[in-house]
Amino acid sequence: MSTADAQPLIQMQGVNKFFGKFQALKNINLEVRKGERIVVCGPSGSGKSTMIRCINRLEEHNDGHIVIGGKELTDQIEDINAVRREVGMVFQSFNLFPHMTIVKNLMLAQQLVRKISKTKARETAMHYLERVKIPEQANKYPIALSGGQQQRVAIARALCMKPEIMLFDEPTSALDPEMINEVLEVMVDLAKEGMTMICVTHEMGFARSVADRVIFMDKGEIVEEAPPTEFFENPRSERTKNFLSQILSH
Amino acid sequence: MSFDLNLIAESLPLMLMGIGITFKLLIVSGFLGLILAICLLLMRISGRWFLNFPAQVYIYVFRGTPILVQIFIIYYGLPQFEAVRDSIFWPILREPTGCAILALTLNTGAYVSEILRGGVLGVSKGVLEAGSALGMSARQNFIYLTAPIATRLALPAYSNDVISLLKSTALASTITIADMTGIARTIVADTYAPYEIFISLAIVYMIFTFGIQKLFGVIERYLGRYMEREG
């Protein structure tokens, strides 16, 4: 996947997505190059999650083109899993495998998808658990961990697959306030290391400090796309101004 | 009316001679029924109408008719057909025990497949999405995520069905099988003491039910250890 740095890692062109008659995405055009960090914000129901879920085909788009690392996502795509293992995803509700210990959560896909040996998979798992600072939880079940810890495990689980791209779908929205920072710190570290990231989040401090571009979506459209300083200080559209004034007013 | 304790003391050992048959019926049809149920479940969730539809019809027929009638149809009905008498299954179907096991298997399979389906539907969609997002195939998702989680979810309802099956085995006595109930009926016919005999028979079934409950309690705790915060 890393062959063509000149070519964008993610390309979306004229993407439309319908849920029945409701149009969730309208003519989405987005390019993300390797190493770029994108923050996506917008009111609920604006299509943010749907957009990133189209990138690893958890949702199928109806029109337009989506090309990930040179592979176009189509109905005919033979091995969607080959694309998915290069795209890590972190969900709002963590979605850890409840019946497996933390370390097994991290090992499963490595063994099944990457065909890595058990010993090697365990090593990689422990390496990433240390990076998210909870190696001591390795043999517990997810239910025994706090929300913040579970979300860090979920990030580590995605990283174990050595993905090219990380997608974050409101990773801190389900967390108690005191746990948000521990998750954001992990994400900031990742960003510093040059991971290509798309984060749907309303953590505007995070957007300011790490994003290369901030995207504002409303009613299924990309309304505004700008570097963070410009986005926060000088938003062009009325809708963006309204949104920012509401989330930044407290 | 007097309650003849001596008679109970004398007949209990006789009835207990039927335990072997009762357990054989329970374990063999329970096991075969579970395999049948898994096949039916896979047909139901395959997403293909030509698999799903026959499974639905099957489940409807076997849940929609009394098990006693099913036993009679198999025991009295099937031998009427020459094809059945000529088939390799005849040595099994000639025996009342074979017929009872077949009927119990077919019946419990229908119920258990729906119990398992309930478990499968209870697996959170998010967990499966996480599997897919990691690049796991639908088959891997099913084997490593859906199956173990659904098993734990279905267990309480499944233990209910096993207990129900234990009691259904008593119906085998209607086609000459000498299980515990069959023996009890013979003793009653000899002694004209239905009260003592059937009450002690009932107590024996209750003791076995208690054992099954305990067994499933242990399995539930073992498979559900991930649901407890401590440990």
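Chain A is the first sequence line, chain B the second, and so forth, proteins listed ahead of strands; every chain is numbered from 1.
Using a 4.5 Å cut-off between heavy atoms, A/R57 does not touch chain B at all.
Here A/R114 pairs with A/E86 in a salt bridge; the nearest charged N to carboxylate O distance falls below 4.0 Å. The pair A/E164-A/K34 meets the salt-bridge criterion, with a side-chain N (NZ, NE, NH1 or NH2) lying under 4.0 Å from an Asp/Glu carboxylate O.
The two residues A/P8 and A/R33 make their nearest non-hydrogen contact at CA-CG, 4.1 Å. In terms of heavy atoms, B/M43 sits closest to B/P54 at CE-CB, 4.3 Å.
Residues in residues 42-52 of chain A take part in these side chain to side chain donor-acceptor pair (under 3.5 Å) pairs, two or more places apart or across chains: A/S49-A/D169.
In this structure, A/K17 satisfies the cation-pi test against A/F19, with its NZ or CZ atom closer than 6.0 Å to the six-membered ring centre and inside 45 degrees of the ring normal. At least one cation-pi condition fails for B/R63 and B/Y60: the charged atom is not both under 6.0 angstrom from the six-membered ring centre and inside a 45 degree cone around its axis.
Comparing A/V113, A/L112, A/L167 by how many heavy-atom pairs each has under 4.5 Å with chain B, the most go to A/L112.
Taking 4.5 Å as the heavy-atom cut-off, the residues of residues 93-109 of chain A that approach chain B are A/N95, A/L96, A/F97, A/P98, A/H99, A/M100, A/L108, A/A109, ordered by number. For residues 137-170 of chain B, a heavy-atom distance under 4.5 Å to chain A picks out B/S137, B/Q140, B/Y144, B/L145, B/P148, B/I149, given by residue number.
A centroid separation of less than 6.0 Å is found between the aromatic rings of B/Y58 and B/F62.
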Give the C-alpha distance, both sets of side-chain angles, the deciding distance and a yes or no for side chain to side chain donor-acceptor pair (under 3.5 Å) between A/H65 and A/E72.
CA-CA 7 Å; A/H65 301 280; A/E72 169 145 23; 2.6 Å; yes
Without placing hydrogens or testing angles, list every side-chain donor-acceptor pair under 3.5 Å for residues 112-124 of chain B, not counting sequence neighbours.
{"unit_1": "B/S113", "atom_1": "OG", "unit_2": "B/A110", "atom_2": "O", "d": "3.0"}
{"unit_1": "B/E114", "atom_1": "OE1", "unit_2": "B/R117", "atom_2": "NH2", "d": "3.2"}
{"unit_1": "B/E114", "atom_1": "OE2", "unit_2": "B/R44", "atom_2": "NE", "d": "3.4"}
{"unit_1": "B/E114", "atom_1": "OE2", "unit_2": "B/R117", "atom_2": "NE", "d": "3.3"}
{"unit_1": "B/S124", "atom_1": "OG", "unit_2": "B/G126", "atom_2": "N", "d": "3.3"}
{"unit_1": "B/S124", "atom_1": "OG", "unit_2": "B/V127", "atom_2": "N", "d": "3.2"}

